[in-house]
Amino acid sequence: MAATGFHTADELNALLPGTLPGLLGIVVDTHEPGRLTSHLDVRSELLAPNGYLHAATVVGLADTSCGLATRALLPEGSSGFTTVELKSNHLGTATDGRVECVATNVHAGRTTQVWDAVVTNAGTGKTMALFRCTQSVLWPR
């Protein structure tokens with residue numbers, strides 16, 4: 001992704017069809033510099049064979065939310081970013097309903113950004129996962 005600056009939620013949603021986040025059904029609800037909210041609706045294709053939401057779906061929601069929000073805080077002249085580290089603590093799950101995510105910036109430097117995300121079961125209000133990632137800022141050669 002190129003350093004493109006701030007995008008509205010609608011502009012970010014327009015980037016998703018035909019990509020993994022689009023396949024997962026991720027929808028950006030709000031975006032402001034340093035904070036993004038999103039959701040996905042649980043469906044059978046997103047479940048693990050045990051009938052519960054697959055952990056990769058939760059990680060995909062959190063990482064996508066942090067990644068899309070990273071774009072607004074990239075330094076002038078950078079060419080994009082890539083996730084270099086992520087960690088996820090799963091505290092609960094879902095079998096249906098809506099899953100929501102709030103991504104917030106912790107650090108926006110010249111070479112890295114650090115983001116936290118909280119994934120919540122919208123029906124119960126319970127935290128499903130705590131997520132943290134580091135984005136490496138890319139520069140033209």
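Both backbone and side-chain heavy atoms feed into the values below; hydrogens, waters and symmetry mates do not.
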Pairs of donor and acceptor atoms involving the side chains of residues 47-57, under 3.5 Å and at least two apart or interchain, shall be tabulated with distances.
from	atom 1	to	atom 2	distance (Å)
Asn50	OD1	Tyr52	N	3.0
His54	ND1	Ala56	N	2.9
Thr57	OG1	Leu46	O	3.2

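Remark: Leu91 pairs with Thr127, Leu130 by the side chain to side chain contact (heavy atoms under 4.5 Å, CB included) rule, at least two apart or across chains. Scanning for side chain to side chain contact (heavy atoms under 4.5 Å, CB included) contacts around Thr111 gives an empty result, with sequence neighbours left out. Take Glu45 and apply the salt bridge (Lys or Arg N to Asp or Glu O under 4.0 Å) test, not counting sequence neighbours, and it matches Arg43. Annotation: side chain to side chain contact (heavy atoms under 4.5 Å, CB included) contacts of Val102 (sequence neighbours excluded): Arg35, Thr37, Thr104.
Scanning all heavy atoms of the two residues, the minimum distance from Pro17 to Ala14 falls at CD-O, 3.5 Å.
Screening residues 16-29 for salt bridge (Lys or Arg N to Asp or Glu O under 4.0 Å), with sequence neighbours left out, gives no hits. For residues 93-109, the pairs satisfying salt bridge (Lys or Arg N to Asp or Glu O under 4.0 Å) are Asp41-Arg98, with sequence neighbours left out. Residues in residues 51-61 take part in no salt bridge (Lys or Arg N to Asp or Glu O under 4.0 Å) pair, two or more places apart or across chains. Sorted by first then second residue, the salt bridge (Lys or Arg N to Asp or Glu O under 4.0 Å) pairs that include residues 113-127, not counting sequence neighbours, are Asp116-Arg132.
Alongside Val84, the hydrophobic cluster contains no other residue (criterion: ILVMFWY side chains under 4.5 Å). Clustering of Ile, Leu, Val, Met, Phe, Trp and Tyr side chains at separations under 4.5 Å places Leu73 together with Trp115. Val27 belongs to no hydrophobic cluster, as no Ile, Leu, Val, Met, Phe, Trp or Tyr side chain comes under 4.5 Å of its own.
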